[in-house]
Structures are given as structure tokens and as C-alpha cells.
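Take a look at the structure set out below.
In this text the structure is predicted, and so the values were computed from the model without any measurement.
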Amino acid sequence: MSGQAAPAARGASVTSVFVRLKLSLLRNGLRQSGGRRAAYIASAAAVLLFAALQLIGLIALRGHDHVDSLVVLLAAVLGLGWAVMPLFFPGGDETLDATRLVMLPLRPRTLVRALLTASLVGIGPLFTVCMFAGSVVAVAHGGAAYVVGVVGGALALLVCVTLARAVAAANVRLLTSRKGRDLAVLSGLVIAVGAQLVNFGAQRLGSSGLEQLDPVADVLRWVPPASAIGAMDAASDGSYGVALAQLALTAAAPVLLLWVWERHLTRLMTTPDGSTLPGDTRPVRERGSSRLARLLPAGRTGTTMERTLRYVWRDPKTKAAWVTSLAIGLIVPVFNAWQGTGSVYFACFAAGMLGIQMYNQFGQDTSAFWMVAMTISSTRDAYVELRARALALLLVTLPYATLVTVLTTAMLGDWRTLPEALGLSFALLGAMLATGAWTSARFPYSIPQEGYKNVAPGQVGLAWVSIFGGMVGAALLCAPVIALTVWLHVRGDGSPLLLPVGAVYGAALTLAGLRLAAPRTAGRLPEILTAVSKG
């Protein structure tokens with residue numbers, strides 16, 4: 001008996017050690033700086049407030065005809081959030097990195113038990129408990145339904161936690177690599193696009209009612225953790241056989257995920273890391289000029305354009321900004337057109353989102369800007385540099401803005417206003433390129449390479465003046481084209497004239513902005529280099 005009790009005691013002690021380790025990591029992290037402590041407290045308060053509002057909202061929906069479909073969908077979205085959280089926020093929980101634990105004299109099963117218990121400590125599990133508690137109150141009717149709801153809620157929480165841990169263990173090599181950090185930077189895209197999708201979904205539900213969720217909920221109620229809510233709803237209706245089947249499915253999910261988690265931990269603890277293996281000794285082939293370089297102009301213009309486009313493809317934060325702008329610039333006009341509430345002029349949103357990429361051009365280079373600064377010795381050099389960067393942006397923005405405008409027009413069927421919308425888009429794009437070139441030279445700021453911040457400490461005011469001041473200036477520069485569009489639209493004739501007028505006006509604004517920004521860039525190189533190197 002003593003021999004059997006010893007391993008159990010050791011397992012319990014390991015679990016308690018990991019729980020204390022989780023609390024110590026949290027406490028020590030808050031001690032690093034007052035800013036980090038304030039940010040954590042503010043984020044925790046915001047999450048708890050949102051959880052309380054969700055709980056109150058779910059309780060208020062009790063008795064609604066289609067509340068069961070809503071809470072099933074919420075449970076599925078919550079499980080999806082737990083699944084993607086380790087991929088986009090690997091630094092949110094330091095215990096997610098199992099490579100730090102491989103040298104400990106612990107078996108994978110003991111490690112899984114300890115990490116699972118430690119994972120239940122935090123704001124995320126508390127928020128999940130609040131969501132499932134509100135779902136129980138909103139859906140359950142009768143004693144049996146409440147029993148199923150309590151048991152199902154606990155199992156659903158285990159599904160969420162084990163799902164996050166299994167995903168983290170399966171991708172731990174990725175999450176601790178450069179590609180993993182690049183993926184984390186792209187989390188901004190998921191948040192931005194997700195916010196737009198939630199916005200449009202809420203608008204559609206507000207106009208059509210919750211009954212539209214029934215077909216999706218009928219499928220999701222058999223998918224853990226949403227199956228726990230489905231079991232509770234079935235028990236409320238007296239379908240105890242269906243409730244037991246869905247509850248058994250919910251209980252089987254964490255068992256399977258624990259097995260997957262343990263298997264990946266075993267492989268991680270017994271497989272050597274790639275950094276300990278000999279490198280590739282095959283000779284490296286010499287690389288000639290790329291296909292992109294052969295398509296671009298010769299000289300400094302082509303070299304600068306290629307460098308700018310390579311930043312878009314390779315630099316994580318530049319790539320994230322571009323992908324986010326491309327996605328939102330398409331979603332806003334297309335989704336509004338799809339709902340029948342949009343306008344062709346919403347397509348100008350695409351040009352505006354991509355025009356923002358012209359702002360803070362030198363800050364995107366960070367400390368590497370000194371190599372560019374060494375090649376600028378005159379106003380002519382600065383003009384060619386800025387012109388090439390603008391041309392690189394136009395290679396993407398012109399066809400993209402045209403495509404979004406044509407697609408939005410096709411969905412609305414308002415082909416008569418297509419020239420007007422295209423003319424406005426081109427004029428707006430030219431105005432933003434002009435103001436972006438000028439503010440890049442006048443208000444440069446640094447973009448930190450590590451972390452999620454896009455502005456170095458102490459330069460937030462510069463960023464606000466650069467971006468929002470430039471956008472206000474672009475709007476003022478577009479005022480003549482906007483006034484002409486309104487006048488011609490009211491008269492009902494001459495609308496095709498707006499396309500060439502907008503294109504020519506936008507090109508003239510771009511050239512004027514580059515001309516004005518070039519001497520300022522050449523004269524302020526030391527200040528620009530100091531500003532962009534602070535991160």
C-alpha cells in the first residue's frame with residue numbers, strides 16, 4: 001500500500017508545484033514594470049466586465065425560442081478561440097512552451113496531469129466558466145437539465161483547455177521559431193477580420209432574427225464542446241437518450257485530446273531538436289537576379305521597388321499591415337453590398353486602407369535605414385527613392401482598388417456610377433501617396449521589431465500626427481473631386497468624366513507630394529535616422 005501511495009503523493013506534489021509555478025510566473029511578470037502591471041489589470045478588468053455582460057445577456061435571453069441555437073454557436077466559437085489562442089498568442093502563457101520542461105525527470109502522464117491542473121488557473125478559464133454558466137441558466141429547464149448542464153459545463157471546460165494544450169504541444173517547434181513569431185504578428189489580421197465578420201453577423205441577426213442560426217446549430221450541437229449545450233437542451237426537452245449520447249461525446253473529447261497531448265509530449269521529450277543535428281552540407285547554388293528584378297526598371301528605381309516589395313513579403317509586421325489592409329479593404333464594401341445596404345462609393349475604402357501603407361516609409365526600414373541614407377546625397381536621390389517606393393505600392397494598390405470597385409459595382413448592379421467610384425478611388429489614392437511621402441519625412445517614427453507594438457515608446461504622438469494628420473490632409477486634397485462628383489451626380493450627366501479626372505488629379509497630387517517631400521527628406525536624414533532607430 002505504501003508503494004502505491006508514494007507515486008500518488010508524488011503526482012499530487014508535482015501538480016501543486018506546477019500550480020504554484022503558474023502563480024509565480026504571473027506574479028513575477030507583473031513585478032517587471034508598472035506599465036505591464038497596469039496593462040494586465042486593465043485587460044483583466046475588461047475581460048471580466050465582458051464576461052459579466054455576457055452572463056447577464058444570456059440570463060436575459062432565458063425563454064427565447066431560439067436561445068439554444070445561440071448558446072450552441074457561442075460554445076463552438078469559444079472552443080475555436082481556445083484552439084487558435086496558442087498559435088496567435090504563444091507568449092500569453094509561458095507554460096505553453098513544453099520545451100522548457102523536457103529536461104525534468106517526469107513522465108509525460110505526470111506532466112500532463114500537472115499542466116492540465118495549472119491550465120485551469122487564469123482569466124481564460126474563468127471567462128469560459130462564466131459563459132457556460134450563463135448558457136446553463138439560459139437553456140436548462142428542469143432538474144435533469146441542470147444536472148446535465150453542470151456536468152457538461154465542466155466537461156466543456158476540459159475540452160477547451162485540453163484542446164489548447166494539444167494544439168500547443170503539436171506546434172511547439174513552430175511557436176518557438178521565427179515563423180511562429182511571424183504567425184503571432186498576423187494575429188492582428190484575425191482580430192480585425194473577425195471583428196468585421198462579427199459586426200456584419202450581428203447586423204444580419206438583428207434584422208432577421210435568431211432563427212437563422214438553427215441549421216448551423218443543429219450540426220454544431222454534435223461537435224464538442226458545443227455538444228455539452230446540446231445535451232442540456234435535449235434533457236430540457238425530455239430526450240434523455242440524445243442527451244446521454246451528446247454528453248458521452250463531450251466526455252470522450254478530452255480523453256482523446258489528453259492522449260494526443262501526451263503523445264506529442266512524449267515525442268518532444270525523446271526527439272532531438274533540429275538545432276542539435278548537423279546542418280546541410282550540400283553546396284549552395286548561386287542565385288542570380290530574381291524574376292521580379294527582371295520585370296522592374298533598371299537602376300535605383302527598380303532596386304528600391306524590389307526592396308519595398310520584399311519587405312512586404314518577408315518582414316512580419318509589414319506583411320501583417322498589408323494583409324490586414326487587403327482583407328478589410330475587401331470585406332467592408334463587399335459585405336455591405338452583399339447585405340444590400342452598401343454603396344459603390346464604399347469601394348474607396350480599399351484605396352484608403354492601402355494608401356495608409358505609404359505613411360512612415362522610413363520607419364518600416366527600422367535601423368537598416370542607415371544603408372539607404374548613405375545613398376542619398378541630393379534632393380534628386382531623395383525624390384527617386386520616394387518615387388520608387390510609391391511605384392511599388394501602386395503595383396498592388398491600383399489593380400486591387402480597381403478589382404474591389406468593379407466587384408462591388410457588380411454585386412450592386414449600379415454600373416452607371418462605376419466611373420465615379422473609380423475616379424474617386426484614384427484621387428484618394430494619389431492624395432494619400434502625396435501626404436504619406438511628406439509625413440514620412442516630417443514625422444518619422446520607429447516600429448519595434450519584437451512584440452506586438454507598432455510604435456516605439458515615446459513616439460505615439462508622432463504616429464498619431466503622421467497617420468491621422470495625413471489622412472485629414474488627404475481628405476482635404478480630395479475635396480475638389482468629391483465636390484465635382486456630387487455636382488455631376490446631382491445633374492445626372494457627365495459621370496464618365498470622373499474616371500479620367502480622378503486619375504489625372506491623383507497622379508498630379510502624387511507627383512506634387514513627392515516633389516515637396518524630397519528636399520525635406522534630403523535635409524533631415526540625421527533626424528530621420530535617429531527617429532526610426534529607436535525601436
Side-chain angles (χ1 to χ4, degrees), residues 192-193 195-197 199-204 206-208 322 324-358 390 393-436 468 470-513:
V193 175
Q196 293 296 328
L197 294 177
N199 178 36
F200 288 120
Q203 292 178 5
R204 191 167 185 85
S207 59
S208 303
W322 269 87
T324 303
S325 297
L326 289 170
I328 298 179
L330 177 66
I331 287 174
V332 170
V334 169
F335 269 58
N336 278 283
W338 177 57
Q339 291 184 322
T341 59
S343 168
V344 175
Y345 300 105
F346 278 17
C348 296
F349 201 82
M353 289 298 299
L354 291 180
I356 294 177
Q357 305 309 316
M358 187 65 187
L393 267 66
L394 287 174
L395 283 180
V396 180
T397 54
L398 273 180
Y400 178 79
T402 303
L403 176 63
V404 172
T405 306
V406 172
L407 180 60
T408 305
T409 304
M411 295 181 68
L412 294 173
D414 190 7
W415 294 103
R416 187 181 65 86
T417 57
L418 176 61
E420 299 178 6
L422 275 177
L424 275 177
S425 294
F426 294 157
L428 176 61
L429 182 58
M432 298 196 74
L433 291 178
T435 56
F468 290 99
M471 292 173 64
V472 171
L476 294 176
L477 290 176
C478 285
V481 180
I482 296 175
L484 179 60
T485 303
V486 174
W487 181 64
L488 292 176
H489 193 77
V490 170
R491 288 187 56 185
D493 58 1
S495 61
L497 181 65
L498 262 296
L499 178 55
V501 168
V504 173
Y505 186 74
L509 286 179
T510 301
L511 292 175

Q: Walk me through it: do Leu429 and Leu394 pass the test side-chain contact (heavy atoms from CB on, under 4.5 Å)?
A: CA-CA 9 Å; Leu429 182 58; Leu394 287 174; 3.8 Å; yes
Between [atom1] on residue [X] and [atom2] on residue [Y], distance to nearest 0.5 Å:
X	Y	atom1	atom2	answer
Leu354	Phe349	CG	CZ	10.5 Å
Trp322	Met353	CH2	CE	11.5 Å
Cys348	Leu422	SG	CG	8.5 Å
Leu418	Leu499	CG	CG	7.5 Å
Met432	Cys478	CE	SG	9.0 Å
Thr397	Met358	OG1	CE	10.5 Å

Taking all non-hydrogen atoms of both residues, which atom of [X] and which atom of [Y] are closest, and how far apart?
X	Y	result
Leu477	Ala431	CB-CB, 4.1 Å
Glu420	Leu498	CA-CB, 3.8 Å
Ala421	Val344	CB-CG1, 3.3 Å

Q | Close side-chain approach of Thr408 to Leu412, heavy-atom, < 4.5 Å | A | yes
Got a sec, which pairs hit side chain to side chain donor-acceptor pair (under 3.5 Å) with one end in [range], sequence neighbours left out?
range	result
residues 427-436	Tyr359-Thr435
residues 472-484	none
residues 496-512	none

Q. So Thr402 and Thr405, side-chain contact (heavy atoms from CB on, under 4.5 Å) or not? Walk me through it.
A. CA-CA 5 Å; Thr402 303; Thr405 306; 5.8 Å; no
(Q) side-chain contact (heavy atoms from CB on, under 4.5 Å), that's the test. Do Phe426 and Val504 meet it? Break it down for me. (A) CA-CA 9 Å; Phe426 294 157; Val504 173; over 6 Å; no
Q. Between Ile482 and Leu424, is a side-chain contact (heavy atoms from CB on, under 4.5 Å) present by the stated rule, with each step listed?
A. CA-CA 7 Å; Ile482 296 175; Leu424 275 177; 3.9 Å; yes
Q: Measure from the side-chain N and O atoms of Tyr400 to the backbone N and O of Ala350, and report whether any donor-acceptor pair falls under 3.5 Å.
A: no
